[in-house]
Amino acid sequence: MPGDVRILGTGQLLDLQRRLRAAGHENIRSSMQRRIRRAAEPLRNDLQDGIRSLPLASQPGRGHSGPSPTTRPLRVTIAEAIRISVHTQGATAGARVWIDRGRLPRDITNGLIKQLDDGRVRHPVFNNRRRWVQQNAPSGWWTKTVDQHKPRMEREVARVLDDVRRRIE
């Protein structure tokens, strides 16, 4: 699966959390979490838009297609499983954008999601393990989007930390 995205400033976040807790600044703490989440929302939205609009083309010369045997569209299902979480304590302090496996059906695996990011999906035809097809898509719907957003997110999180530091000092 494409790796989850984490914007970390663990040492700075942990230090600020301790200082906020000691000073009793709960509203500053919740504001910091909300602003960090907001910094990650454009990335999540672009990832969701990217997977929803990802064109999957069959191999040339294979005119066999038909309705999906399932009632759930693949790309929409994956888009709905993309999540944001913000942690301000412990070793994973920071913002994380990830695909929630609990929101995906069992048959959508990490391997399938990685294949989509690689631009090539190979799968059995209607679960017939003796007949396989390959579908192609532009590669990098996850990795390229993350690379585009990461510098902006890092700047925004640094700005949030500076603002909070200024307010408690």
Side-chain angles (χ1 to χ4, degrees), residues 1-56 72-121 136-169:
M1 174 170 91
D4 57 0
V5 183
R6 296 175 192 222
I7 301 300
L8 303 173
T10 305
Q12 294 173 1
L13 281 172
L14 291 175
D15 181 51
L16 275 176
Q17 276 306 112
R18 273 189 230 106
R19 290 167 59 189
L20 285 171
R21 207 173 295 116
H25 292 293
E26 191 62 35
N27 60 342
I28 295 175
R29 190 170 151 246
S30 63
S31 171
M32 178 178 74
Q33 289 176 321
R34 185 175 51 252
R35 288 178 64 193
I36 291 172
R37 175 177 292 279
R38 266 196 224 130
E41 284 175 354
L43 171 61
R44 183 205 52 204
N45 295 343
D46 281 357
L47 286 169
Q48 288 175 331
D49 292 344
I51 190 66
R52 281 186 186 115
S53 63
L54 189 71
L56 277 173
R72 59 177 167 64
L74 171 70
R75 291 168 281 199
V76 171
T77 303
I78 294 171
E80 290 171 354
I82 297 174
R83 295 274 174 257
I84 299 174
S85 58
V86 176
H87 299 280
T88 55
Q89 299 176 25
T92 60
R96 179 178 174 217
V97 178
W98 52 292
I99 296 177
D100 184 358
R101 291 279 301 131
R103 297 193 59 116
L104 293 175
R106 252 182 276 133
D107 60 337
I108 297 179
T109 63
N110 291 343
L112 173 64
I113 294 170
K114 182 171 180 351
Q115 285 182 40
L116 281 168
D117 191 49
D118 291 342
R120 179 178 127 332
V121 178
N136 299 312
S139 64
W141 72 271
W142 180 276
T143 52
K144 289 178 183 176
T145 306
V146 167
D147 290 345
Q148 290 171 355
H149 283 268
K150 200 168 183 177
R152 181 199 51 79
M153 287 175 58
E154 289 171 342
R155 284 191 309 273
E156 183 63 28
V157 169
R159 186 175 351 185
V160 169
L161 295 177
D162 289 342
D163 290 349
V164 170
R165 194 174 294 115
R166 258 186 260 114
R167 285 178 72 180
I168 64 172
E169 291 176 345

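- To the nearest 0.5 Å, atom CZ of residue R101 and atom CG of residue L104 are 5.5 Å apart.
- In plain terms, the two heavy atoms of L43 and M153 that are nearest each other are CD2-SD, 3.6 Å.
- Taken from NZ in K114 to OG1 in T143, the straight-line distance is 9.0 Å, to the nearest 0.5 Å.
- The shortest side-chain heavy-atom distance between I113 and W142 does not fall under the 4.5 Å cut-off.
- In this structure, E156 and A39 approach most closely via the heavy-atom pair CG-CB, 3.4 Å.
- Distance check: R96 CZ to R83 CZ gives 12.5 Å after rounding to the nearest 0.5 Å.
- The shortest distance between side-chain heavy atoms of L161 and M32 falls below 4.5 Å.
- Partner I99 forms a side chain to side chain contact (heavy atoms under 4.5 Å, CB included) with one of I108, I82, L47 and no other, that one being I82.
- Considering only residues two or more places apart in sequence or on other chains, R155 meets the salt bridge (Lys or Arg N to Asp or Glu O under 4.0 Å) condition with none of them.
- A pairwise comparison of heavy atoms in A95 and A40 identifies CB-CB, 4.4 Å as the closest pair.
- Here E41 does not pair with R38 in a salt bridge; the nearest charged N to carboxylate O distance is not below 4.0 Å.
- Judged by distance alone, the side chain of D100 and the main-chain N or O of G102 form a donor-acceptor pair under 3.5 Å.
- Rounding to the nearest 0.5 Å gives a distance of 9.5 Å between CD of Q48 and CH2 of W141.
- Counting heavy atoms from C-beta outward, D49 and R52 have side chains that approach closer than 4.5 Å.
- Under the 4.5 Å side-chain criterion, counting only non-hydrogen atoms from C-beta, S139 is in contact with K144.
- Among residues two or more places apart in sequence or in another chain, the side chain to side chain donor-acceptor pair (under 3.5 Å) test is passed with R152 by H149.
- With respect to D163 and R166, a salt bridge is recorded, a charged nitrogen being found less than 4.0 Å from a carboxylate O.
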Quiz prompt | Derivation of the side chain to side chain contact (heavy atoms under 4.5 Å, CB included) call for I51 and L54 | solution = CA-CA 5 Å; I51 190 66; L54 189 71; 3.9 Å; yes

